Amino acid sequence: MMQKKAQVTVFIIIGIIILIGAGLYAYIRFSLQEEEVTGEEEQTEVAFRSTSELAEYVYACIEPKTLQGLEIMRLQGGRIDTSGVRVLEAMDLDDGRRVMDTETGKIVTSAEGPNRIAYWVDEEGASIPSLEAMEQELADYILENSRRCIGDLEPFRNQGYDIEMGEMKINVVMEKAVVVNVSLPVTMSRGEEEIREDIYLFTVPVNMEMIHTIASNIAAAEMTNTYLEQHTMNWISIYGRVNGQIPPLVASVNNLDCSQSTWTYDQTLSSLREIFDTNVDLFRIRGTDYERVIKDTDTKQSMVDSQTISVFSPDTYPNVRVDHDYRPGWDTELSMDPASLAPDVISTTGIPFLPMFCYVRYRFKYTIQYPVLLRITDYQSAKIDPIRNYYDKSRGFTFYMPMRVVIYGNAPRQPVELDVTSPKEQEIRQMVGIIGEETGKILLDPSPFCDQENMLSREATISTYDAETGEPLKGVMVKYYCGSYVNDCYMGRTEKVNSTADYTSRFPLCVNGELRLTKQGYNEKRITWSSYDIQDTSIKVKMDPEKTFDIEVRKVYWTTFKDQFQGDIHPLSRKLTDREMATIKISGDDDMAVIYPQQKNITIAPGKYQVDIMLFGNVSIAPTEYTVEAAGETYTAEIDPYDGKHYKGSFPIGMVENINWGITTGDMKSEKVIFYVFADYNPGRLSLWTDLMNVDEEEVFSHQEEQEYLTPRFE
C-alpha cells in the first residue's frame with residue numbers, strides 16, 4: 001500500500017513540473033514575441049544604439065551633402081555661389097545634370113535647364129577660385145545643409161538618451177582626394193550607458209588639387225598669350241574672303257563695273273558661330289591625353305597642328321583629357337566696323353573720266369566676344385552621382401572651366417592679372433607677370449617683368465649658327481617676349497665660347513613666351529619657348545642669312561595661257577616692254593615693296609611669303625563713235641569722256657594676288673628670281689574706249705584658281 005502511494009506522489013510531482021514548464025514556456029515565448037515586435041517598431045524609428053551607429057547617423061547626413069557640393073562645383077566652374085561673377089549659361093551639356101535653387105539650398109537634379117558656370121577668364125579679367133576658397137565654400141555648404149539633417153539628434157532623444165552637443169565644425173582638404181573632417185562633440189547617456197563621439201572623417205576619391213592646377217595653368221596660358229584670340233583671328237583671316245562666308249580683314253579688287261560683295265549682320269554672326277563650332281574643338285593641350293586630328297591636306301594639317309597648345313611637358317598628365325567646346329546657341333556678341341558691312345569704292349586714281357574702272361577696298365574690324373568651355377577629365381578620379389547618392393571609383397571626373405574670347409577691333413583683349421590669393425596661385429601670378437597690352441594709342445605703365453630680380457627660371461643656353469655654313473654665329477641679339485610689348489626683354493648677345501656662340505642666362509617666368517633672335521644680314525627667328533618649368537636648357541638656333549637676288553618680272557597674256565598652257569608657265573611668258581611697269585608687294589618673314597624695273601633686286605632670306613603684283617602699261621586711248629538704235633531710228637553717239645582728247649598715261653592691265661612663296665635654303669644658291677603676272681590687256685592694242693567697254697568682265701582680273709602656276713622661279 002505504501003508503495004502505491006509513493007508511485008502516485010511521483011506522478012503528481014512530474015505533472016506539476018510539466019505544468020510549470022508549460023507555463024514558463026508560454027510566458028517566455030509570449031514575452032519574446034512581444035519584445036520582438038517592440039524591437040521591430042523601434043528599428044523602424046531609429047537604427048542607432050552604439051557609438052558606431054551614431055557615426056553612421058552623422059555620415060548619412062554628411063555623405064549626400066558632400067557629393068552634392070562637389071557636383072555643384074564641378075558643374076559651376078569650382079564655385080557653389082556664382083553671385084557676383086560672370087557666368088556662362090549653358091544648358092545643352094552632355095551629362096544631363098542641372099543645379100537648382102530650392103528652399104533648402106542648391107541641389108543637383110536631372111531637370112532640364114541651364115547651368116551657371118563661372119568664368120575663369122573674361123573681358124573684365126581673371127577670376128580663378130583658389131583651392132583654399134573652394135575648400136572653404138564646400139565646407140560651408142556641407143555644414144549648412146548637414147545641420148538641418150542632423151538636427152538635435154532627436155531619434156536618440158526619443159530613446160531616452162540625455163544628449164550634450166558641442167558646436168559642429170567642418171574642414172575640407174582638397175588634395176589627391178577630397179577629405180571632409182567633421183568635428184561634432186556628442187555625449188549621450190542613459191542610465192549607466194554613455195556614448196561619446198567627436199571626429200568623423202569622409203573621403204571622396206577626386207584629385208581636385210591636380211584638376212585645379214591644370215585648369216589654373218591653362219587659364220594662365222590664355223591670359224599670357226591669348227591663344228584663343230590669336231587662333232580666332234587666324235580663322236577670320238582664312239574664312240574672310242571677298243566672296244566668302246564672312247567679310248575679309250583686308251582685301252582689294254579692281255573691276256570695270258564697281259561690283260562688290262556685301263554681307264548682313266545676321267549672316268556674318270551665323271557664319272562665325274559655324275566657324276567657331278567647327279574649329280574650337282580642335283584645340284589640344286600638350287602634356288595631356290589626346291589624339292592628333294588628321295586632315296587630308298598639308299595646309300589643313302598645319303592649321304590643326306597649330307592648335308595644339310604647349311602648356312605642360314610631354315606626358316605630364318597622361319590620365320587627363322582636356323576638351324574645348326563651343327555651341328552656336330551660347331552667348332556670342334559681334335559688332336563690325338563699318339557697320340554697313342560694305343566696302344569702300346574708289347575710282348581709279350589718274351583716270352577720273354573712266355568711272356567704269358573701280359578700286360574696291362575691303363577693310364573690316366571685328367569686335368567679338370564668345371565663350372569656350374573646357375572639360376577637364378581625370379580618368380582616375382571618381383564619377384559622382386548625387387541623385388542616387390553614390391560614386392564610382394576611377395570612372396572619371398569631368399570639371400567645367402569656361403573662358404571668354406575677347407577681340408576689340410581685330411586686336412586680342414589685353415592680357416590680365418590673376419585675381420587669386422593663395423600661395424599656389426602666387427606662383428602662377430608671377431609666371432604671368434603682366435599688367436596690360438598695347439591697344440591703339442594707349443601706352444601702358446612699365447612692367448617689372450624684365451627686372452633682374454624676376455629672372456627666376458632655370459639657367460638656359462642659346463647657341464646660334466649660320467644655317468648655310470653651320471659655323472657659330474656670334475653677335476645675335478637675344479630678346480624674350482611674353483604676351484605684351486611691355487614684357488619685351490632685351491637679354492643680351494651671343495658670344496664666341498670655344499667652338500660655339502652662346503648666350504647663357506636665367507629668364508623671366510612665362511608660359512609660351514617667344515625668343516626673338518636678330519642679327520644684321522640674317523632673317524629674324526621667333527621661337528615659342530616656355531621659361532616656366534624648363535625641360536631642355538640647351539637651345540640651338542640656325543639663323544638664315546639674307547641674300548640679294550636679281551629680279552625680273554614677266555607677263556603672261558591670259559588668252560595665251562588659256563589656249564596653250566602645258567604645265568610650265570615660263571615658255572608662255574614675255575618680258576615687259578619699256579611702256580610697262582609692275583609693283584611687287586612681298587609679305588611674310590620680311591615685308592617689302594618693289595617697283596620694277598626701277599628696282600631690279602631684292603634682299604631676302606628663307607621663309608614663307610605672300611606675293612601681290614600689279615601690272616601697268618602706258619596707253620593712248622581715243623574717243624569712240626558708235627551707233628545706237630532707238631525708236632526705229634539710228635543715231636550716232638560718241639564716248640567722249642575728256643573733251644575730245646586722247647587719254648595718255650599709266651593704266652592697270654593685269655594683276656595677281658596672294659601667291660604663296662616658300663624660300664628654302666637650297667634656293668639661296670640661285671642668283672635670280674623671276675616673278676610672273678597675268679596680263680589682261682595689251683597696252684599697244686588699247687586704242688579706243690570700246691576696247692575696254694566690250695571686254696567680257698569674267699575674263700578680267702578673275703584668275704584666282706590659275707594663280708598657283710605663277711609661283712616665283714629661281715634661276
Side-chain angles (χ1 to χ4, degrees), residues 123 226-280 299 303 306-307 326 328 330-349 357-372 404-414 437-442 583 585-588 591 593 609-614 652 655-660 701-704 707:
E123 71 276 19
T226 59
Y227 74 88
L228 295 175
E229 286 79 4
Q230 300 293 345
H231 282 280
T232 298
M233 292 308 301
N234 288 343
W235 302 334
I236 292 174
S237 298
I238 293 169
Y239 290 95
R241 290 288 184 267
V242 170
N243 296 310
Q245 296 174 249
I246 58 175
L249 298 173
V250 178
S252 59
V253 173
N254 294 329
N255 58 44
L256 299 177
D257 60 356
C258 295
S259 60
Q260 57 189 272
S261 297
T262 60
W263 297 261
T264 66
Y265 176 85
D266 290 341
Q267 169 196 351
T268 302
L269 179 57
S270 176
S271 296
L272 282 171
R273 283 173 166 161
E274 292 178 5
I275 292 167
F276 300 155
D277 189 27
T278 300
N279 291 282
V280 163
T299 301
M303 186 177 77
S306 72
Q307 289 184 220
Y326 169 83
W330 291 352
D331 174 31
T332 302
E333 301 176 15
L334 170 69
S335 64
M336 298 291 296
D337 181 20
S340 63
L341 292 174
D344 296 328
V345 180
I346 305 170
S347 297
T348 303
T349 304
F357 186 83
C358 298
Y359 173 66
V360 185
R361 182 177 65 185
Y362 297 84
R363 300 287 189 274
F364 291 100
K365 289 189 175 182
Y366 287 77
T367 295
I368 305 171
Q369 291 190 27
Y370 71 93
V372 172
R404 194 160 182 83
V405 183
V406 181
I407 293 172
Y408 297 111
N410 296 346
R413 60 134 178 89
Q414 61 184 24
E437 176 67 284
E438 182 178 11
T439 303
K441 296 182 179 179
I442 300 175
T583 60
K585 179 184 176 184
I586 301 174
S587 307
D591 293 331
Y609 301 92
Q610 182 174 287
V611 179
D612 303 281
I613 304 175
M614 180 72 79
M655 65 180 293
V656 291
E657 290 184 301
N658 304 326
I659 300 294
N660 292 320
F701 304 131
S702 60
H703 321 309
Q704 297 298 319
Q707 290 189 160

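Just so it is clear, the structure is predicted and the values come from calculations on it, not from any experiment.
- For the salt bridge (charged side-chain N to carboxylate O under 4.0 Å, His left out) test, no residue two or more places apart in sequence or in another chain qualifies with E274.
- Qualifying side chain to side chain donor-acceptor pair (under 3.5 Å) partners for S261, counting only residues two or more places apart in sequence or in other chains: N243.
- Considering only residues two or more places apart in sequence or on other chains, D612 meets the side chain to side chain donor-acceptor pair (under 3.5 Å) condition with none of them.
- Nearest heavy-atom pair, R363 versus A251, reported as atom, atom and distance to 0.1 Å: NH1-O, 3.1 Å.
- Listed by chain and number, the residues in a side chain to side chain contact (heavy atoms under 4.5 Å, CB included) with Q230 are T226, P412 (sequence neighbours excluded).
- Residues meeting the side chain to side chain donor-acceptor pair (under 3.5 Å) test with D331, sequence neighbours left out: R86, R404.
- Closest of all the heavy-atom pairs between E229 and V405 is OE2-CA, 3.4 Å.
- In this structure T367 satisfies the side chain to side chain contact (heavy atoms under 4.5 Å, CB included) test together with S335, Y408, sequence neighbours excluded.
- For F364, the ring pair (Phe, Tyr, Trp, His ring centres under 6.0 Å) test picks out W263, with sequence neighbours left out.
- With sequence neighbours left out, Q610 forms a side chain to side chain donor-acceptor pair (under 3.5 Å) with N658.
- Not counting sequence neighbours, the partners of N410 by the side chain to side chain contact (heavy atoms under 4.5 Å, CB included) test are M233, L249, K365, Y366.
- By the side chain to side chain contact (heavy atoms under 4.5 Å, CB included) test, D277 pairs with Y326, P328, sequence neighbours left out.
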